[in-house]
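Order of the sequence lines sets the chain letters (A, B, ...), proteins ahead of strands, with each chain counted from 1.
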2 protein chains.
Amino acid sequence: MESAWERDLQMLDYRYRSQRAPINLSEVIIPGLCAGCGARHIGLCEALSDEDLNFLASVSKPLAVQKGQTFVVEGDAARSFFNINHGVAKLYKDMPDGRRQITGFVGAGDFVGLAADSCYAFSAEAIQEVRMCRFDRSELRNVFGRFPAIEQRLFDFASHELVVAQEQMLLLGRKTAVERLASFLDGWHHRIVHTEDSNSGHGLPMTRADLADYLGLTIETVSRALSSLRKLGVISVAADHGVSVLQSTRLAEIAQAASSGSTKIQPMYGLRGSKTVATA
Amino acid sequence: MESAWERDLQMLDYRYRSQRAPINLSEVIIPGLCAGCGARHIGLCEALSDEDLNFLASVSKPLAVQKGQTFVVEGDAARSFFNINHGVAKLYKDMPDGRRQITGFVGAGDFVGLAADSCYAFSAEAIQEVRMCRFDRSELRNVFGRFPAIEQRLFDFASHELVVAQEQMLLLGRKTAVERLASFLDGWHHRIVHTEDSNSGHGLPMTRADLADYLGLTIETVSRALSSLRKLGVISVAADHGVSVLQSTRLAEIAQAASSGSTKIQPMYGLRGSKTVATA
DNA sequence: TGTTCGCATTGATTCATATCAACTTCGAAG
DNA sequence: CTTCGAAGTTGATATGAATCAATGCGAACA
């Protein structure tokens, strides 16, 4: 399924050698690459015709990074956008003393690079092998002018990113450890179901440390929260630490702190914050 | 300075009466309103010529809401965008049990309504009298096609919103109470200095409860953090609870947990999270 | 001019999560 | 097969911030 991408890379290599000229691999233009791309029918590219895609491919360059490799560094000049085709990466911010906050995980179909003024406001590291298309920021204005569909798509994506970001602020500012984990698992479950074939027992690609840095917790608390949800029968944790959702509805209820009658696991302690009286 | 806006409102009223027809005030088109707008040279409108502004005004409607009034409700169909001309509003999300997270404060020049898919992902309430221009979401596509400058402006604004959102995630997930407050005061100080004349001792428009809901704390902790910063000599708190920044550099250092030699107030306890080793 | 009430501050105590520590599992290297 | 280290789980203890509680203060108002 994704071997098409690899074939194209090999084709690139072939072109490079056959031309016998000092061409930078990353500078080679590859019309037609999109046709076999695994992300052809998701994300940004879904909105485009084959014809438009050819143009888009002409201003983008393929890029592959290995697991553990950092491909965006916070503070660097923001020259590129990235459109992920395969694999998962984490976006994060570090403090001088080592504290880290992961602001999101991105996968196939996701667009990376919006959160930047002149410099990137985040770093990005692959947690699996990641393949993507890189665009030049300066080129994007031209693309917008030529293809309103792309512009609209990107605008909608940015809007959705803001929705997700606000949801995460609520999580980090007001939810308990178990609620945070339930929220993440609920969201990831949906993402997986919508993206891949919904086979059960998908192992999470990120470590407990990544989860902790994403949820504003420690690895120990993440582990304990997983145990709590397991003991409630909402999830199961495999021997290889993979997580399966057993009761997705219950999981969502815990995530939203929405009690549904019988077994409520509402915070048995008082509410935090300014004790705003619920209107609903 | 802003009386021009009020004059225009009165003019509106005059037109309404003089026409003696059942015209909905909010539906009246007001060409030329922008000329005297206090936000003419900031935010979205800064990028436009007077001519373009006239067109923009023709597809927008003025709107004023009183302090305490909610003008966007989370979950409602997202039909409008708002461009704030005057006053401050808070954007927030509530949980069923009353917990609240304020995701941002918006003021003159800010654009409201990006964080929405088909429905608003947040609620908005004025914490001062707020005056703004309302745009129809459906109209905006037309505006984009006609004025690329607006489109670019809005795209940049969305990008910046994402930068701010990620910064807030770091704050909520990893910073201590004092660091959170210092971060907020540092940011607000800059915003005020850049927006209005930088007179000292500006009272914050939001209550301690708002601050708590913004910083993921309780009002008591906010109050204690303010006292801590006051005792350090970094800020002063007036009798009317207004806050003045005395040492902006020091404030920024505390906000970023960047120790600058002598007096460090680093967390005397160990670091939280996954103990990622600092690379810098 | 006293009452009330919203807002803020400060102290005492509790609690959810961090920290410290012990142990298990598993895969890679030797 | 043994060693080693990365990743994860679980228990005991510490602590930053939440909760509970008391007080102060200024504005609205009778």
(request) Please state whether the rings of B:Trp188 and B:Phe105 are parallel, tilted or perpendicular, taking 30° and 60° as the class boundaries. (result) perpendicular
(request) For this output row, return yes or no: ring centroids of B:Phe122 and B:Tyr92 closer than 6.0 angstrom. (result) no
(message) Please tell me whether A:Phe82 and A:Phe71 form a close aromatic pair, meaning their ring centres lie under 6.0 Å apart.
(response) yes
Can you measure [X] atom [atom1] to [N] atom [atom2] for me and round it to whole angstrom units?
X	N	atom1	atom2	value
A:Arg174	C:dT17	CZ	P	13 Å
B:Leu217	D:dT19	CG	P	11 Å
A:Lys175	D:dA18	NZ	P	18 Å
A:Asp240	C:dC26	CG	C1'	11 Å
B:Arg99	C:dA16	CZ	P	12 Å
B:Leu215	D:dG16	CG	C1'	16 Å
A:Glu179	C:dA16	CD	C1'	12 Å
A:Ile127	D:dA6	CD1	P	19 Å

(request) Using five pairs at either end of the helix from C:dT1-D:dA30 to C:dG30-D:dC1, determine the angle between the two local helix axes and round it to 10 degrees. (result) 30°
(message) One character per nucleotide, please: for nucleotides 4-11 of chain C, 5' to 3', B when the base has a protein heavy atom closer than 4.0 Å, S when only the sugar-phosphate does, - otherwise.
(response) ----SBBB
(request) Provide the closest heavy-atom pair for B:Ile84 versus B:Gly107 in the form atom of the first, atom of the second, distance. (result) CB-O, 3.2 Å
(message) So which atom in A:Arg208 and which in A:Val237 form the shortest heavy-atom distance, rounded to 0.1 Å?
(response) NH2-CG1, 4.2 Å
(message) Can you see whether A:Lys93 engages A:Thr103 through a side-chain donor-acceptor pair at a distance of less than 3.5 angstrom?
(response) no
(message) Between B:Asp186 and B:Arg191, does any side-chain N to carboxylate O distance fall below 4.0 Å?
(response) no
(message) I'd like to know if the side chain of B:Arg99 and the backbone of A:Arg174 have a donor-acceptor N/O pair within less than 3.5 Å.
(response) yes
(request) With A:Lys90 as reference, evaluate A:Thr207, A:Asp210, A:Thr70 under the side-chain hydrogen bond (donor to acceptor under 3.5 Å, both in side chains) test and give the passing residue. (result) A:Asp210
